[in-house]
Amino acid sequence: MKQFLDLEDIPDVQKLIEEAISLKKDPFEYEHLGKHKTIGMLFFNSSLRTRLSTQKAAQNLGMKTIVMNINSEGWALEFEDGSIMNTNTAEHIKEAAAVVSQFVDIIAVRAFPGLTDKEKDGQEQILKSFRKYASVPVVNMESATAHPLQALTDAITITEFQQKKRPKVVLSWAPHPKALPHAVPNSFTKMMQLIDVDFVITHPKGYELDPKITKESKIEYDQEEALKDADFVYSKNWSSYKNYGKVENTDPNWMMTLEKLGEARFMHCLPVRRNVVVADKVLDSEQSIVIQQANNRTSAAQVVLKRILENN
Ligand code: CP
């Protein structure tokens, strides 16, 4: 693997999932791969899981880690070509990415969308600028439109917990007071299209995701109907894509409850707002696998970093 910007960078999803599960048995088997190598993790936004699990994954592979909260600790970066930098930005991405590339062997970036300009967010300017101007591989730790490390984690978790060959997986929109990005549902949808599951998306009308992402995936507007016979239920809020970045619905009836969950396992990428997105009784039940799911963030990051180290 040369880089990990999105799921398209995975040549063999099923094999990668199996390899990630296998790595859990002996996390230090490939400790030699990262010897004298460093990953630089640059955060434009907050993180708990991604920050800690990616460091742990890199350290399991023998790598050193450098972490920087780039917005608060670095110079304000300019991403526009040819701009006259006489206002707020102090350093151009051309120099910044080239300089960071001299200090590290892999650059990992987290940069959320602004959620005000659909076209601009879709261009993935920050992630793609790092890819363009860095001379080392770039890893996406959640960008404007994609969270592929989370989607790989989710596929690993479903594989580990599935009881039948082709489980039914439901992505169920949930209410939230703030406008959240589409990266997690986008990548989850793309991943479910790649593995052998019966996949259904349920959300209120007006909350359709980008049709270029959902493609032929089934959309069922009736949540109760969608949840029938589900094996895995993944609750997640996202803001409207059509009326871009707007919160148009906060209907508490879309919150996941134990009654709605039935016999299914409950998944969420975390962080999650209790009793808004999902009821306490679900998260505190045996049916919730969110903690095991979060643990798999290390496995997903480790298998990706391993592949990149092997390629370079
Ligand atoms: N799920 C996830 O990416 O968590 P963090 O935002 O805490 O990294």
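Everything numeric in this text was worked out from a predicted model, so none of it was measured. For ligands, and for the atoms within them, numbers begin at 1 and follow the listed sequence.
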Around [atom], find the nearest protein heavy atom and jot down its residue, atom name and distance.
| atom | result |
| --- | --- |
| atom 4 (O) of ligand 1 | R49 NE, 2.9 Å |
| atom 6 (O) of ligand 1 | R110 NH1, 2.8 Å |
| atom 7 (O) of ligand 1 | L48 N, 2.7 Å |

Is it the case that the side chains of D154 and Q150 hold a donor-acceptor pair, with the cut-off being a distance below 3.5 Å and no angle test?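 A donor-acceptor contact under 3.5 Å links the two side chains.
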Numbering the atoms of ligand 1 from 1, which are under 4.0 Å from a heavy atom of [X]?
| X | result |
| --- | --- |
| H147 | 2 (C), 3 (O) |
| L270 | 1 (N), 2 (C), 4 (O) |
| R297 | 1 (N), 2 (C), 3 (O) |
| C269 | 1 (N) |

Tell me whether S47 has any N or O atom under 3.5 angstrom from an N or O of ligand 1.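 Right, the criterion is met.
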Between D284 and R274, is there a side-chain N and carboxylate O pair less than 4.0 Å apart?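 The answer is yes: the pair qualifies as a salt bridge.
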Going by an N to O cut-off under 4.0 Å, is there a salt bridge joining K228 and E220?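 A salt bridge is absent here (no side-chain N lies under 4.0 Å from a carboxylate O).
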For residues 290-309, which residue pairs qualify under salt bridge (charged side-chain N to carboxylate O under 4.0 Å, His left out), counting only residues two or more places apart or in two chains?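 Matches after skipping sequence neighbours: D12-R307, E19-K306, E19-R307, K306-E310.
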Restricting to ring-ring contact (aromatic ring centres under 6.0 Å, His included), what partner residues turn up for F199, sequence neighbours left out?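 So F199 forms a ring-ring contact (aromatic ring centres under 6.0 Å, His included) with F188.
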Treating Ile, Leu, Val, Met, Phe, Trp and Tyr as nodes and any side-chain heavy-atom pair under 4.5 angstrom as an edge, say whether I106 and V100 lie in one connected cluster.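 No, no single cluster joins them.
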